[in-house]
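Being a predicted model, the structure only gives us computed values, none of them experimental. In what follows, every chain begins at residue 1, and chains take the letters A, B, ... in the order their sequences are listed.
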Amino acid sequence: MSFGIPFTPPEASSIAGSVDLLFYTLLAFTALLGVFLTSLVIFYAVKYRAGSSADRTGERARSLPLEVTWTVASLLIAFVIFGWGAALFMRREHPPLEALEIAGLGKQWMWEFRHPGGQREINELHVPVGKAVIVSLASQDVIHSFFVPAFRVKQDAVPGRTTHVWFIASEPGRYRLFCAQYCGTQHSEMGGFVTAMPPEAYAAWLGNQGQGETLVADGEKLFGALGCSGCHGNSSKVRAPDLTGIFGRPVALDNQQTVIADDRYLRDSILNPKKEIAAGYEPVMPSFDGLVDEGEMQMLLAYLKSLSARDTTKSEAIH
Amino acid sequence: MGASTESVAFDKPAREQAADTFAMWIFIGSEAMLFGAILLVFLIARISYGPAFAAASHHLSLPLGTLNTVVLITSSFSMALAHLFGNRGRWRASTWSLAATALLGLVFLGIKAAEYTMEFREGIAPVLGVPFTYDGPDPVHAEFFFGLYFAMASLHAVHLIGGIVVIAGMLVMWSSATQSSRLRRVRAIGLYWHFVDIVWVFLFPILYLINR
Amino acid sequence: MNTEALSSSSYLGEGAGPAAWLLTTDHKRVAWLYLISLTAFFFLGGAMAVLMRIELATPAGDLVSDDVYNRLFSLHGIIMVWFFLVPSIPATLGNFLLPLMIGARDLAFPRLNLASWYVFMLGSLFALASVVFGGVDTGWTFYTPLSTLYANGFVSMAALGVFTVGFSTIMTGINFIVTIHTLRAPGLTWFRLPIFVWTMYATALVMVLATPVLAASLILIVLERMFGIGIFNPALGGDPLLFQHLFWFYSHPAVYIMILPGMGVVSEVLPCFSRRPLFGYKAVALSSMAIAVFGFLVWGHHMFVSGQSAYAGVLFSFLSFCVAIPSAIKVFNWSLTLRKGEITFETPMLYALFFLALFTFGGLAGLFLAALAIDVHVHDTYFVVAHFHYIMVGGMVTAYMAGLHFWWPKMTGRMYPETWGRIAATVTFLGFNLTFFPQFVLGFLGMPRRYHTYPPEFQFWHILSSAGAVVLAIGYLMPLFYLGWSLFRGARAPANPWRATGLEWQTASPPPPHNFDAMPKVSRPAYDYAMKGLQHEKFSPHKDEA
Amino acid sequence: MSDIRKLTFVYLVLLALLALTVGSSSFDLGGFNSALNLVIAAAKAAIIATMFMQLSSGGILPRLAVAATGLWLAILFGLTLIGR
Ligand code: HEA
Ligand code: HEA
Ligand code: CUA
Ligand SMILES: [Cu+2]
């Protein structure tokens, strides 16, 4: 019936349906209100056109009850829409505990992904259906934005910080991946496809990708190569904190405050160690700013996270 | 039509004067938003990199900064006097006070220039092509501090130069102006000058006095 | 041919020649200086839009290269926002009408007014000069670190141009606020002011308090580009998101600079052609102020997926819904104004009705964007593009056309050709919807904005949109010609052709140099269309009372 | 000439406050140094505004402008710091 003309995007993630429900409800409301107002104006325009014989007695220049009614009604409706939208939005903050974490790196003008097993992809992303996937996003240069319309998800990748987006693909298929934030000359070419496949197919696909080093293993190597282990290792002479189980743990700082060791904290500890000093230690750790690029940062973070006891506190630390 | 209004829109000089003052205050409010936005940038950086900023702040010259604050407050004082004398019709005294104000403004700029030169020699001024040399801790964020310091101090200096130019222009055209229009101008430039002083009153502790 | 010299008692007859116009301090002539320059900028920006639409008719990037396309939409946005829409109604109609409407001889600071035009021209031409060297490719939003570290265009030049134009905006704002406070005619209390004056006041407030923050963010960009200060560069300790906060602190309130004046025009036109007082006058007046103030609290709704904290997103979403309420109040009041009227459909009225429809639809689309979960999906897609064109083009530009036709007789002393006017209004309305409605669908489908090429499945809707742009272009070109024609050949206009109540209609068309022969006194509320005697064109409601 | 005396007094108070800020910075008061500096700066600004700029006698309009500016600066700082 639609002659190949698309009217709606595919719904291929666990949240797509609920976002669409809100969208269509709002669409129905605005269409009704729009049609009502338009008809009202047309009705008045015809009925009270100059020279018509309509009754014009009893006209008023204001009506307090009416004005109060529509103000309050608009407010109430607005609050309902707000609450609904906000409730759905806050789901973004709480990814399921058991999730597959994929590192996504945006650079002018391509997306690079690394699976936990180390498999790399460029402008393609393979994910299993029915399993939560967290894409942790970083950017090498300018701001990009990870956008999969079929999943109704979008998140900017901002240089200098790690952001996250998560989804559960619900329908196998190949869906468009875009960069939604204008990022320079070839912004419109920066994208590709997300392929959602049944878990077995995904496993098979992973297997076929050749066994690269895992992200964690790469991170571990870097940890040695950059000299981190020289201080944080067991046999070190420098007194530096033991990093086992660091991720998601509360850390006492020397200024009496306590912070959760989330992505932001780890990143800052490496790039800007003087900012927050762990209580009881000397601020001797050098800054690695300029020595690790975004890709290496993702490896280091993956390694540090892998040192965590078990994934119990993970979901709080991610946002 | 009242001979002493400058704009055709007004009948009474008193109303025009009220309008002038109001306009200047709105302009000052607008300027305050400009400086406020930049201060906000500084504040956020300062929250993030407190120790680096404190250490870098010690590389500014406190004696010169303090001296400059004295100079600027004095110039505000003489500007207030110029207004007071003008109000009393004592135009000679008023003229001298105005000239003193502009001169003190120049002194301020001179001292500022001396500071800049020192900082340039030290290698911490963000001048094109000159490498940044700094021996304190965390040079990256110290450089950030100096960048913001130069930006804010220079923006303030540009405002001061504007004020000096206007005062100079006023004095050049002084003899041809009527008394009421002289008063009108003194009042307007006075408000501006005091505002620029207030900006420095905030910049000074924020830049020079971080955890001395 | 009736081109006999206008009587020298009109402001138009007060000395001809370029010098008399370029050095004028008469607010009515300054309004013309602005009108002419803004018209040029509008068509320049429009021509770029047409080029973009032609490019987008096919999925491949075949007409222009990606670099050129990026420069086109960047410049289109910059020109349309800062060099056209922000000054549009305030600097032309506002400049011309504000003193007339409040019974003053001129704005409080006539020379400042002229200076603002020179500053405006200096800044805008400086920014446009960057095109000669190669243009800018940052989008109108100048997001960092793209604009500071990576863009290869002439960003500093464009930014300094916009910065300079900002000063002219602030000058206009100060002038308006002071004028409204100090120069109202005797008896013209705040709640007797025409809504147009209220909206000018609200607009001026936003201009004065928001523009300096834009200035600050542009200065910082220039400093970062020229001196390498790492303000927005994370590698040097800066924060790229901070720029977005500063930019939107200005630019969200600025969208109200770009709609409040239109609301003011429509609030004049609707009562006049309905022969009815404006429904709920006080609510409309106060909601203008509410929009101006609350408009400053919602900027974070442009940053829902930028990485700002989710709780801030929720707060900003909530406030965005609150700021929609005053607009809702206005829409309802305008609609009810028609009730029991004696409605006629001259060109200004047609434009005003089209405004009502298009603004409402654009505003309702704003509700989708303010709803967090939906914005995650449609952010940075054509849904947003459709939203703001509905409000800015469908709303503000349409209101501008309404106002231009409404006050054309007052400004020129000539009538425009009515039939042509009605045709143009209708063509614009149809062309507009054809251009921008498909973009809502595109956005929902996921078509990102600022795309030079796009997947083929979107083409159908793009073709509709491009076809609409051609119709729209015709709709805007028509007034250019018939208004130009009427300047010389139009029928002479009486002082009050629409039998309207405002003070501006109580003086000659075109008005004398200092606006009124005798200073008016006001003893009635605005929009007193029930007044006896208004049926006669010569009737002047304010003169007969002492 | 009591007005001149008044202005001179104001001038001396400003210098005294300046001395106070500079002096206080040589004592380590922890986080209070910055707070004290800002309070003193605000006091100086208030004195300049009321005495030199005659804010207190200039009618309601200038005060309106100052109040509006203060409110808007608060919005700018407040919501930006929340948003981060
Ligand atoms: C004149 C310009 C103008 C105006 C007036 C508005 C008005 C509004 N805008 Fe819009 N907006 C823009 C210009 C404008 N906008 C621009 C240029 C952009 C994009 C910038 C860029 O990124 O380049 C944008 C982007 C934009 C976004 C960000 C989208 C994104 O990038 O993801 C959001 C999100 O909340 C938004 C919301 C709103 C809201 C809620 C209003 C409200 O004020 C609308 C209020 C009006 C109504 C609601 C209609 C009338 C009411 C009724 C008929 C009654 C029913 C109402 C209720 C029940 C509440 N706008
Ligand atoms: C503020 C006012 C404003 C106005 C009036 C317009 C008017 C129009 N705009 Fe624009 N637009 C913006 C503000 C505005 N726009 C902004 C802020 C952006 C975002 C930029 C960014 O992303 O950074 C944007 C972006 C934008 C895009 C998205 C680009 C992209 O994301 O890739 C598109 C695409 O269709 C578009 C189309 C149009 C069209 C068809 C018109 C039409 O209404 C134009 C009608 C006018 C004419 C058609 C002129 C007619 C005259 C001629 C054709 C004759 C030519 C004359 C000579 C050569 C002398 N605009
Ligand atoms: Cu990357 Cu757009
Ligand atoms: Cu907005």
Side-chain angles (χ1 to χ4, degrees), chain A residues 5-9 19 22-23 26 30 34 37-38 40-41 44-45 48-50 56 59 61-62 67 70-71 74-75 78-79 81-82 85-86 88-90 92-93 141-143 145 147 149 152-156 158-161 163 176 178 180-189 289 319, chain C residues 66-67 70 139 143 145-146 150-151 234-235 240-241 276-277 279-280 283 305-307 310 313-314 317-318 321 324-325 328-329 331-332 335 338-344 353 356-357 360-361 364 367-368 371-374 376-377 379-380 441 444-446 448 450-455 457 460:
Chain A
I5 301 162
F7 285 86
T8 57
V19 172
L22 171 57
F23 185 90
L26 197 47
T30 48
L37 283 173
T38 313
L40 187 74
V41 166
Y44 285 156
Y48 299 111
R49 68 191 182 279
R56 291 179 173 84
E59 93 275 33
R62 69 174 311 176
E67 291 183 60
W70 68 46
T71 309
S74 312
L75 255 178
F79 289 164
I81 310 170
F82 157 73
L88 277 181
F89 178 75
M90 288 314 281
R92 281 161 57 92
E93 297 297 296
D141 34 52
V142 302
I143 304 178
S145 192
F147 177 30
R152 312 288 187 274
V153 294
K154 181 180 290 123
Q155 174 61 51
D156 285 6
V158 185
R161 57 174 87 186
T163 53
R176 289 208 182 267
F178 291 116
Q181 180 63 268
Y182 175 63
C183 53
T185 310
Q186 293 177 44
H187 161 62
S188 58
E189 266 100 88
D289 202 357
H319 65 249
Chain C
D66 43 11
D67 241 347
N70 295 345
Y143 270 16
L146 179 67
Y150 295 88
L241 288 194
R276 294 268 299 110
F279 196 87
V305 300
S306 68
V314 171
S317 163
F318 176 75
F321 278 100
I325 303 303
I329 292 175
V331 167
F332 294 132
S335 308
L338 300 181
R339 187 163 173 267
K340 307 224 170 193
E342 297 265 357
I343 307 171
T344 54
L353 291 173
L356 195 52
T360 304
F361 280 100
L364 290 173
L367 298 182
F368 286 71
L372 285 155
I374 298 181
V376 170
H377 176 54
H379 170 71
D380 268 339
V441 184
F444 184 51
L445 285 172
R450 298 167 167 179
Y451 262 32
H452 166 237
T453 58
Y454 57 86
E457 63 262 29
F460 173 76

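- Interface remark: of the candidates C:Ala328, C:Ser317, C:Ala371, C:Ser317 forms the most heavy-atom pairs closer than 4.5 Å to chain A.
- For A:Thr38, the part lying under 4.5 angstrom from a heavy atom of chain C is the side chain only.
- Of all heavy-atom pairs between A:Leu88 and C:Ala373, the closest is CB-CB, 3.5 Å.
- Interface check for chain A: of the options C:His377, C:His452, C:Arg450, the most heavy-atom pairs under 4.5 Å are formed by C:His377.
- If you measure heavy-atom distances from C:Thr360 to chain A, the contacts under 4.5 Å come from the side chain alone.
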How far apart are the C-alpha atoms of C:Leu372 and A:Arg92, what are their side-chain angles, what is the distance that settles it, and do they pass the side-chain contact (heavy atoms from CB on, under 4.5 Å) test?
CA-CA 11 Å; C:Leu372 285 155; A:Arg92 281 161 57 92; over 6 Å; no
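- Pairing each heavy atom of A:Phe147 with each of C:Gly446, the nearest pair is CE2-O, 3.4 Å.
- For the atom pair CZ (A:Phe7) and CZ (C:Phe460), the distance works out to 6.5 Å, reported to the nearest 0.5 Å.
- The closest donor-acceptor contact from the side chain of A:Lys154 to the backbone of C:His379 lies under 3.5 Å.
- For the atom pair CD of A:Gln186 and CG of C:Asn70, the computed distance is 10.0 Å after rounding to the nearest 0.5 Å.
- When the candidates C:Pro277, C:Ser335, C:Ser306, C:Ala151 are compared by the number of heavy-atom contacts under 4.5 Å with chain A, C:Ser306 comes out ahead.
- Contact count against chain C (heavy-atom pairs under 4.5 Å) is highest for A:Thr30 among A:Val153, A:Thr30, A:Leu37.
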Let me see the working for C:Leu146 and A:Tyr182 under side-chain contact (heavy atoms from CB on, under 4.5 Å), right down to the final yes or no.
CA-CA 9 Å; C:Leu146 179 67; A:Tyr182 175 63; 3.6 Å; yes
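- Contact annotation for C:Phe332: both backbone and side-chain heavy atoms come within less than 4.5 Å of a heavy atom of chain A.
- Atom CG of residue C:Leu367 and atom CG of residue A:Leu26 lie 6.5 Å apart, to the nearest 0.5 angstrom.
- Two residues are said to be in side-chain contact when any heavy atoms from C-beta on lie closer than 4.5 Å; C:Val376 and A:Phe89 meet this criterion.
- Scanning both residues, A:Gln155 and C:Gly307, for their nearest heavy atoms gives NE2-N, 3.7 Å.
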Step by step, work out the side-chain contact (heavy atoms from CB on, under 4.5 Å) result for C:Val314 and A:Phe82.
CA-CA 9 Å; C:Val314 171; A:Phe82 157 73; 3.7 Å; yes
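- Of all the heavy atoms in A:Pro159 and C:Pro145, the pair that sits closest is CG-CG, 3.8 Å.
- Using bins of under 30°, 30° to 60° and over 60° for the plane-to-plane angle, the ring pair C:Phe279/A:Trp70 lands in the tilted bin.
- When heavy atoms are compared at a cutoff of 4.5 Å, C:Phe361 approaches chain A solely by way of its side chain, counted from C-beta outward.
- To the nearest 0.5 Å, atoms CG (C:Leu445) and CD1 (A:Ile5) are separated by 11.0 Å.
- The shortest non-hydrogen separation linking A:Val158 to C:Pro240 is CG1-CG, 3.9 Å.
- Taking chain C as the reference chain and counting heavy-atom pairs below 4.5 Å, the highest number among A:Cys183, A:Gly184, A:Gly160, A:Pro149 is found for A:Pro149.
- Of the two parts of C:Tyr150, only the side chain, counted from C-beta on, holds a non-hydrogen atom closer than 4.5 Å to a non-hydrogen atom of chain A.
- Put simply, the side chain of C:Asp66 does not reach to within 4.5 Å of the side chain of A:Ser188, judged on heavy atoms.
- Remark: side-chain polar atoms of C:Glu342 are not paired, donor with acceptor, to backbone N or O of A:Ala50 under 3.5 angstrom.
- Counting heavy-atom pairs under 4.5 Å between each of C:Asp67, C:Thr344, C:Val441 and chain A puts C:Asp67 at the top.
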Tell me, with the steps shown, if C:Tyr143 and A:Gln181 meet side-chain contact (heavy atoms from CB on, under 4.5 Å).
CA-CA 10 Å; C:Tyr143 270 16; A:Gln181 180 63 268; 3.5 Å; yes
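- Ring centroid separation for the pair C:Phe368 and A:Phe23 comes in under the 6.0 Å cut-off.
- Atoms CG and CG, on A:Leu40 and C:Leu338 in that order, are 8.0 Å from each other to the nearest 0.5 Å.
- Counting all heavy atoms, side chain and backbone alike, A:His187 lies closest to C:Tyr451 at NE2-CE1, 3.1 Å.
- Chain C forms more heavy-atom pairs under 4.5 Å with one residue of A:Arg62, A:Met90, A:Glu189 than with any other, namely A:Arg62.
- Two residues are said to be in side-chain contact when any heavy atoms from C-beta on lie closer than 4.5 Å; A:Thr71 and C:Ile325 meet this criterion.
- At a 4.5 Å heavy-atom cutoff, the contact between C:Ala310 and chain A is made by backbone and side-chain atoms alike.
- In this structure A:Arg176 satisfies the salt bridge (charged side-chain N to carboxylate O under 4.0 Å, His left out) test together with C:Glu457, sequence neighbours excluded.
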